[in-house]
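First the proteins, then the strands, lettered A, B, ... as listed; each starts at 1. The figures here come from the full heavy-atom set of this structure, side chains too, leaving out hydrogens, waters and symmetry mates.
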Number of protein chains: 2
Amino acid sequence: MGVSAPTVAYPKLADFMCFAIYSTNLAYGRAYRPILEELGVTYTQWIAIVALWEEDNQTVGSLGEKLFLESNTLTPILKKLETLGFLRRGRDPKDERQVIISLTDAGRALREKGAQRTLVKASGLNQDEFRALQRSITTLRDNLVRHATNDNENSL
Amino acid sequence: MGVSAPTVAYPKLADFMCFAIYSTNLAYGRAYRPILEELGVTYTQWIAIVALWEEDNQTVGSLGEKLFLESNTLTPILKKLETLGFLRRGRDPKDERQVIISLTDAGRALREKGAQRTLVKASGLNQDEFRALQRSITTLRDNLVRHATNDNENSL
DNA sequence: TCCGATTAAATCGTATACGATTTATGTGAA
DNA sequence: TTCACATAAATCGTATACGATTTAATCGGA
């Protein structure tokens, strides 16, 4: 009885979806590192550039929604990218609470430089598998976000 | 020519597999937080406990292989878990370079307490979809690891 | 046996994440 | 008009990740 050797069949680490995601995220970080090193930015800095290329002159909040990050994480990253010369930060004159982020020429050039570099081949999947997998993961993410937003009313 | 508005059709953030994984990892962290708060540990601390339950008395290196982490990340986490009373750390008398990690009774009790809590329902997937997705992600991860290990010989 | 190479963990510096709080600004109803 | 409330960023403290280095122990060939 009680605590002793693993006699009960608890799920193993390899059975956890969260661990599959977690470890794949680590693997992506490592696979991307050499590419990003060439560009001179980190992973999070890079996705911020990509999101700004898609839509420039966003507020910190709007950018955060797209990156699933809040100002406490984003602000230091944006400040860093500003000192690196890739973007500008300025208060919105219409609403001084908000900060508008805009890419500089250097930031746009960086986006173009990095555009060619992706890791599709490293995934070992064909295009159909790749797309299907991506859709499934996105669905999973959106379900999790919805779950968390609902203040997870005990439905685990 | 050159840098200007996004006239070229570069892939969007939503098209990046790495971003799907990255954002899902953030979502999992948030979804699990309330559960882990009850247990009094963080996510990484928890997966260390799970891995040790599966195989107790592992070295830091062996544990790191399973968690995809190295000693620079793992050591502080294990020290923290030691001060929390969930495990013990001790040098291997056979090879003083190695540190053996063993769960305490409190650590095993924690594993049992947390065993009931998973987020399968929150994923919004049925059991077959869930398993298939997990297998695909794991394959992706292993391919990425292999790619990185091969010192990524320019095959992006 | 002895000493250079190897190995395992730990240490250090930098960059995320994030809960909680703070600061600055805007808004609306009394 | 004004003041309590709301909102947007920023700040702060804690906990990961990880490259690079350091420390300590082991190994192996001359």
Options dG26(C), dA9(C), dA17(D), nucleotide nearest the side-chain atoms of L26(A):
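The closest nucleotide is dA17(D).
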Kindly say whether the aromatic ring centers of Y43(B) and Y22(A) come within a distance under 6.0 Å.
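That pair passes the under 6.0 Å test.
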From the list dA10(C), dA17(C), dT16(D), which nucleotide is the closest neighbour of the side chain of R30(B)?
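Per side-chain heavy atoms of R30(B), the pick is dA17(C).
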Considering only side-chain heavy atoms of R97(A), which listed nucleotide, dA17(C), dA25(D), dA24(C), is closest?
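Of all the options, the side chain of R97(A) is nearest to dA24(C).
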When we call it a touch if two heavy atoms are under 4.0 Å apart, what does L74(A) touch: a base, just sugar-phosphate, or nothing?
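Answer is nothing: L74(A) stays at 4.0 Å or more from every strand.
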Residue whose closest nucleotide on DNA chain C lies nearer the 5' end, D95(A) versus L69(A):
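Upstream on the strand: L69(A).
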Where the side chain of T73(A) is defined as all heavy atoms beyond and including C-beta, which of dA10(C), dA17(D), dT16(C) is the nearest nucleotide?
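Out of dA10(C), dA17(D), dT16(C), the nucleotide with an atom closest to T73(A)'s side chain is dT16(C).
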What is the distance, to the nearest angstrom, from the CD1 atom on I47(B) to the C1' atom on dA17(D)?
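Atom CD1 in I47(B) sits about 12 Å away from atom C1' in dA17(D).
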Measure CD/Q98(B) against P/dA10(C) and give the value in whole Å, please.
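That distance rounds to 11 Å.
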What's the CG-P distance between L67(A) and dC18(C), to the nearest Å?
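Roughly 12 Å, once rounded to whole Å.
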Is Q45(A) touching bases, backbone alone, or none of the nucleic acid, heavy atoms closer than 4.0 Å?
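If one applies the 4.0 Å heavy-atom cut-off, Q45(A) turns out to touch the sugar-phosphate alone, with no base involved.
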Path from I100(B) to L52(B) over hydrophobic side-chain contacts below 4.5 Å
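In one cluster: no.
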Which listed nucleotide (dT11(D), dA8(D), dG26(C)) is nearest to the side chain of E96(A)?
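Per side-chain heavy atoms of E96(A), the pick is dG26(C).
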Output yes when K66(A) and E54(A) qualify as a salt bridge under the 4.0 Å nitrogen-oxygen rule, no when they do not.
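Not counted as a salt bridge, because no side-chain N and carboxylate O are separated by less than 4.0 Å.
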Both G61(A) and E37(A) contact DNA chain D. Taking the nearest nucleotide for each, which residue is further toward the 5' end?
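The 5'-side residue here is G61(A).
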Whole angstroms only, please: what is the OH-P distance between Y43(A) and dT14(C)?
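Those two atoms, OH and P, are 24 Å apart.
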Touch check for N72(A), heavy atoms < 4.0 angstrom, all strands: base, sugar-phosphate only, or nothing?
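Here N72(A) touches the bases of the nucleic acid.
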Please compare T59(B) and N25(A) by the position of their nearest nucleotide in DNA chain C and report the one closer to 5'.
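Mapping each residue to its closest nucleotide by heavy atoms, the 5'-most match is T59(B).
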V99(A), nearest nucleotide to its side chain (from dC18(D), dA10(D), dG26(C)):
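In terms of side-chain proximity for V99(A), the closest of dC18(D), dA10(D), dG26(C) is dA10(D).
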Over 12 non-hydrogen atoms of neighbours within 6.0 angstrom of CD in E82(B)
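Enclosed.
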Is T75(B) near enough to dT11(C) that one of its side-chain N or O atoms lies under 4.0 angstrom from OP1 or OP2?
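So the side-chain polar atoms of T75(B) never come under 4.0 Å of the phosphate oxygens OP1 or OP2 of dT11(C).
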Short side-chain N/O contact from Y22(B) to OP1 or OP2 of dT16(C), under 4.0 Å:
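False: Y22(B) side-chain N/O out of range (4.0 Å or more) of dT16(C) OP1/OP2.
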Between atom NZ in K80(A) and atom P in dA17(C), what is the gap in whole Å?
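So the NZ-P distance, K80(A) to dA17(C), works out to 15 Å.
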S71(A) side-chain proximity, nearest of dC18(D), dA9(D), dA9(C)
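Nucleotide nearest to S71(A)'s side chain: dA9(D).
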Mind calculating the distance between CD (Q58(B)) and C1' (dA8(C)) to the nearest angstrom?
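Atom CD in Q58(B) sits about 15 Å away from atom C1' in dA8(C).
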If you check the T44(A) side chain, which of dA17(D), dT16(C), dA9(C) turns out closest?
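The nucleotide sitting nearest to the side chain is dT16(C).
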Can you name the nearest heavy-atom pair linking S123(B) to L140(A), along with the distance?
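Looking at all heavy atoms of both residues, the shortest contact is CB-CD1, 3.4 Å.
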Length of the line joining K79(A):NZ and dA15(C):C1', which is rounded to integer Å:
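The answer, rounded to whole Å, is 15 Å.
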If you look at every heavy atom in I49(B) and G107(B), which pair is closest and at what distance?
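Scanning both residues completely, I find the closest heavy atoms to be CG2-O, 3.9 Å.
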Could you state the CG-C1' distance from L39(B) to dA15(D), rounded to the nearest angstrom?
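Atom-to-atom, L39(B) to dA15(D), this comes out as 17 Å.
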